[in-house]
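To keep things clear, I will list the structure first and then write my remarks on it.
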Amino acid sequence: MSKSKQIVLVTGGVGYIGSHTVIELFTAGYEVVIIDNLCNANKECLNRIEKITKNKFAFHEVDMLNKKDLSDLFNKYKFHHVIHFAALKAVGESVALPLKYYKNNIIAALNLIEVMADHGVKSLVFSSSATVYGTPKKLPITELDSIGGCTNPYGKTKWFIEEMLFDICKVDTTWSVVILRYFNPVGSHKSGMIGEDPLGPPANLMPFVAQVAVGKRPHVNVFGNDYPTNDGTGVRDYIHVVDLAQGHIKALEKLNGKCGLKIYNLGTGRGYSVLEMITAFEQACGHKIPYEIAPRRPGDLPEVYADTKLAEKELNWKSIYGLKEMCEDLWNWQQKNPEGYSGVSK
Ligand code: NAD
Ligand code: UD1
């Protein structure tokens with residue numbers, strides 16, 4: 001069957017990474033069905049996707065904790081692949097409300113995998129995270145490095161789901177599964193029409209920096225300047241969300257080849273410090289970003305960056321965009337949508 005006829009179910013497709021991936025899926029010629037329970041998303045995003053792609057697609061408001069609704073969906077459509085983004089992702093909240101995270105993330109994945117197996121759709125891309133590596137023993141981090149030792153329930157849900165997928169693929173070799181471990185996604189689509197829209201004060205660095213730049217917050221708190229890094233601030237592997245989205249298209253190509261279970265890091269392979277990120281954003285927005293040095297954030301690591309050689313070799317994927325585009329595109333989204341999608345009715 002030609003690629004243009006393939007239907008991809010995108011769970012959590014109204015969210016940040018999901019919405020960017022939907023656009024790349026259309027560009028690559030796939031048909032798309034999106035499900036989301038909108039617990040961390042706004043329906044306006046769907047209008048924006050439609051405007052960008054000039055494509056119609058099906059959206060169903062489904063909570064993945066409801067297995068019957070999921071099953072009905074698989075009776076309605078003949079999916080070829082599933083990309084599973086839907087999850088709760090706030091690390092701090094997961095520490096305060098662990099059961100909420102275990103229930104939502106693990107039961108949703110379990111329901112999905114069972115329904116997929118029942119309907120003979122055994123082709124899955126799973127959104128994992130660099131957080132599964134816990135405290136890395138060496139840098140850069142390769143896919144062969146050990147996983148586990150995650151310090152928060154959010155990270156543990158990603159780790160447990162990965163373990164579940166390993167076990168399933170071991171006993172049933174008709175599954176094809178690509179686990180993608182994302183490093184730090186930032187930026188937005190070139191149009192500035194879709195982007196990351198955090199509820200409340202952003203927990204992650206770059207959405208916070210963008211809100212300071214637009215005048216919504218007085219300054220950035222830099223969490224620690226006494227790490228053993230170049231300038232003492234934490235170093236991360238930031239990756240443009242459009243590069244990340246394109247990684248999913250490559251993963252689908254891998255699934256079409258019936259690949260068994262594969263794992264890939266999606267990062268750039270290059271780390272930048274908090275201060276380097278602030279400076280790069282200042283260049284993009286054209287003015288100074290005030291910051292203050294604050295205590296270290298508990299659970300933070302000094303330095304994290306990916307070895308991306310495996311994705312390059314086996315997925316034929318490599319990040320294209322640099323720090324400049326990451327900051328310019330985030331700034332474009334933030335300026336055009338200072339209140340995110342809100343203000344527009346859900
Ligand atoms: P997001 O919150 O923007 O998107 C997740 C979507 O899933 C949201 O639209 C939410 O409404 C939906 N959802 C949550 N629970 C659901 C349920 N039970 N039923 C149906 N829909 C549900 O998050 P994102 O940044 O786009 O992340 C996508 C995936 O990538 C997540 O699995 C996340 O854990 C993973 N990830 C994200 C990052 C990051 O920094 N953004 C890093 C590593 C991994
Ligand atoms: C965090 C999560 C991780 C998740 C990832 C992507 C924690 C402990 N880890 O990772 O599980 O997969 O987001 O969503 O929350 N920083 C500041 N000031 C801020 C915010 C962040 O200085 O206001 C610093 C941090 O100390 C870190 C860097 O900026 O050095 C990046 O932080 P962040 O964007 O939260 O990502 P991670 O810590 O990598």
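Nothing here was measured: the structure is a model prediction, and the numbers come from that model. Reckoned from all heavy atoms, side chains included, excluding hydrogens, waters and symmetry mates. Counting starts at 1 for both ligands and their atoms, following the listed order.
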Please tabulate, one line per pair, the protein N or O atoms found under 3.5 Å from any N or O atom of ligand 2, giving the distance to one decimal.
{"unit_1": "ligand 2", "atom_1": "11 (O)", "unit_2": "T131", "atom_2": "OG1", "d": "3.4"}
{"unit_1": "ligand 2", "atom_1": "12 (O)", "unit_2": "S129", "atom_2": "OG", "d": "3.1"}
{"unit_1": "ligand 2", "atom_1": "13 (O)", "unit_2": "N204", "atom_2": "ND2", "d": "3.0"}
{"unit_1": "ligand 2", "atom_1": "18 (N)", "unit_2": "N221", "atom_2": "O", "d": "2.7"}
{"unit_1": "ligand 2", "atom_1": "22 (O)", "unit_2": "N221", "atom_2": "O", "d": "3.3"}
{"unit_1": "ligand 2", "atom_1": "22 (O)", "unit_2": "F223", "atom_2": "N", "d": "2.9"}
{"unit_1": "ligand 2", "atom_1": "26 (O)", "unit_2": "D300", "atom_2": "OD2", "d": "2.6"}
{"unit_1": "ligand 2", "atom_1": "32 (O)", "unit_2": "R297", "atom_2": "NH2", "d": "3.4"}
{"unit_1": "ligand 2", "atom_1": "34 (O)", "unit_2": "N204", "atom_2": "ND2", "d": "3.4"}
{"unit_1": "ligand 2", "atom_1": "34 (O)", "unit_2": "L205", "atom_2": "N", "d": "2.9"}
{"unit_1": "ligand 2", "atom_1": "35 (O)", "unit_2": "N204", "atom_2": "ND2", "d": "3.0"}
{"unit_1": "ligand 2", "atom_1": "35 (O)", "unit_2": "R297", "atom_2": "NH1", "d": "3.3"}
{"unit_1": "ligand 2", "atom_1": "35 (O)", "unit_2": "R297", "atom_2": "NH2", "d": "2.8"}
{"unit_1": "ligand 2", "atom_1": "36 (O)", "unit_2": "N184", "atom_2": "ND2", "d": "3.1"}
{"unit_1": "ligand 2", "atom_1": "38 (O)", "unit_2": "R297", "atom_2": "NH2", "d": "2.8"}
{"unit_1": "ligand 2", "atom_1": "39 (O)", "unit_2": "N184", "atom_2": "ND2", "d": "2.9"}
{"unit_1": "ligand 2", "atom_1": "39 (O)", "unit_2": "R236", "atom_2": "NE", "d": "2.6"}

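Proximity of L315 to K254: side-chain heavy atoms (C-beta onward) are separated by under 4.5 Å at one or more points. Residues K158 and F126 have side chains in contact (heavy-atom distance under 4.5 Å, counting atoms from C-beta outward). For the pair E31/H80, no side-chain contact is recorded, criterion being any heavy-atom separation below 4.5 Å from C-beta on.
Judged purely by distance below 3.5 Å, without hydrogens or angles, the side chains of K336 and N332 pair a donor atom with an acceptor atom. Side chain to side chain, Y154 and E93 fail the donor-acceptor criterion of an N or O pair below 3.5 Å. Judged purely by distance below 3.5 Å, without hydrogens or angles, the side chains of D237 and T268 pair a donor atom with an acceptor atom.
Compare Y154, F126, Y16 by their heavy atoms: the one nearest to atom 35 (C) of ligand 1 is in Y154. The nearest non-hydrogen atom to atom 5 (C) of ligand 1, considering only P207, G18, A87, S19, comes from A87.
Of the possible donor and acceptor atoms, none in the side chain of S71 sits under 3.5 Å from a partner among the backbone N and O of K68. Put simply, the side chain of D329 never gets that close to the backbone of G187: no donor and acceptor are under 3.5 Å apart. Proximity of a side-chain donor or acceptor of T229 to a complementary backbone N or O of T233 within less than 3.5 Å is detected. With hydrogens and angles ignored, the 3.5 Å screen pairs no side-chain donor or acceptor of E114 with any backbone N or O of N111.
In this pair, Y321 and H240 present their aromatic rings tilted. The plane angle is within the 30 to 60° band. Classified by interplanar angle (parallel below 30°, tilted 30° to 60°, perpendicular above 60°), the ring pair H81/Y30 is perpendicular.
Among residue pairs with one or both ends in residues 10-22, those qualifying as side chain to side chain donor-acceptor pair (under 3.5 Å) are T11-H84; sequence neighbours excluded.
Between the CZ atom in R48 and the CE atom in M193 there is a gap of 6.0 Å [rounded to 0.5 Å].
Nearest non-hydrogen protein atom to atom 9 (O) of ligand 1 is D36 OD2, 2.6 Å. Ranking protein heavy atoms by distance to atom 21 (N) of ligand 1, first place goes to N37 N, 3.1 Å. For atom 7 (O) of ligand 1, the closest heavy atom belonging to the protein is A86 CA, 3.3 Å. Counting protein heavy atoms only, atom 37 (C) of ligand 1 is closest to I17 CD1, 3.7 Å. For atom 29 (C) of ligand 1, the nearest protein heavy atom (residue, atom name, distance) is F85 O, 3.2 Å. Looking at atom 39 (C) of ligand 1, its nearest protein heavy atom turns out to be P185 CG, 3.5 Å. Nearest to atom 2 (O) of ligand 1 among the protein's heavy atoms is N40 ND2, 2.7 Å. Of all protein heavy atoms, the one lying nearest to atom 18 (N) of ligand 1 is N104 OD1, 2.9 Å.
Within the 4.0 Å heavy-atom cutoff, N204 does not count among the residues contacting ligand 1. Proximity of G13 to ligand 1 is not established, as no heavy-atom distance is less than 4.0 Å.
Judged as a side-chain contact (heavy atoms from CB on, under 4.5 Å), and not counting sequence neighbours, the contacts of T142 are K138, L144, D145, D307. Listed by chain and residue number, nothing satisfies the salt bridge (charged side-chain N to carboxylate O under 4.0 Å, His left out) test with D118 (two or more places apart in sequence, or in another chain).
Atoms of ligand 1 found under 4.0 Å from any heavy atom of L38, numbered from 1 in the order shown, are 11 (O). For ligand 1, the atoms closer than 4.0 angstrom to any heavy atom of V62 are 19 (N), 20 (C). Close contacts between ligand 1 and D63 involve ligand atoms 17 (C), 18 (N), 19 (N) [criterion: under 4.0 Å to a heavy atom]. Taking every non-hydrogen atom of G12 and a distance limit under 4.0 Å, the qualifying atoms of ligand 1 come out as 6 (C), 7 (O). Numbered from 1 in the order shown, with element, the atoms of ligand 1 that lie under 4.0 Å from a heavy atom of C39 read 10 (C), 11 (O), 13 (N), 14 (C), 15 (N). Residue G15 has at least one heavy-atom neighbour below 4.0 Å for each of these atoms of ligand 1: 3 (O), 4 (O), 9 (O), 26 (O).
Residue contacts with ligand 1 for K89 involve side-chain atoms from C-beta outward but no N, CA, C or O (heavy atoms, distance under 4.0 Å). Residue contacts with ligand 1 for K158 involve side-chain atoms from C-beta outward but no N, CA, C or O (heavy atoms, distance under 4.0 Å). Of all the heavy atoms of I35, none lies under 4.0 Å from any atom of ligand 1, so neither backbone nor side chain is involved. Only backbone heavy atoms of S128 (N, CA, C or O) come within less than 4.0 Å of ligand 1; its side chain stays farther off.
Ligand 1 has no nitrogen or oxygen under 3.5 angstrom from a nitrogen or oxygen of L65.
The number of heavy atoms from other shown groups lying within 6.0 Å of CZ (F79) is above 12.
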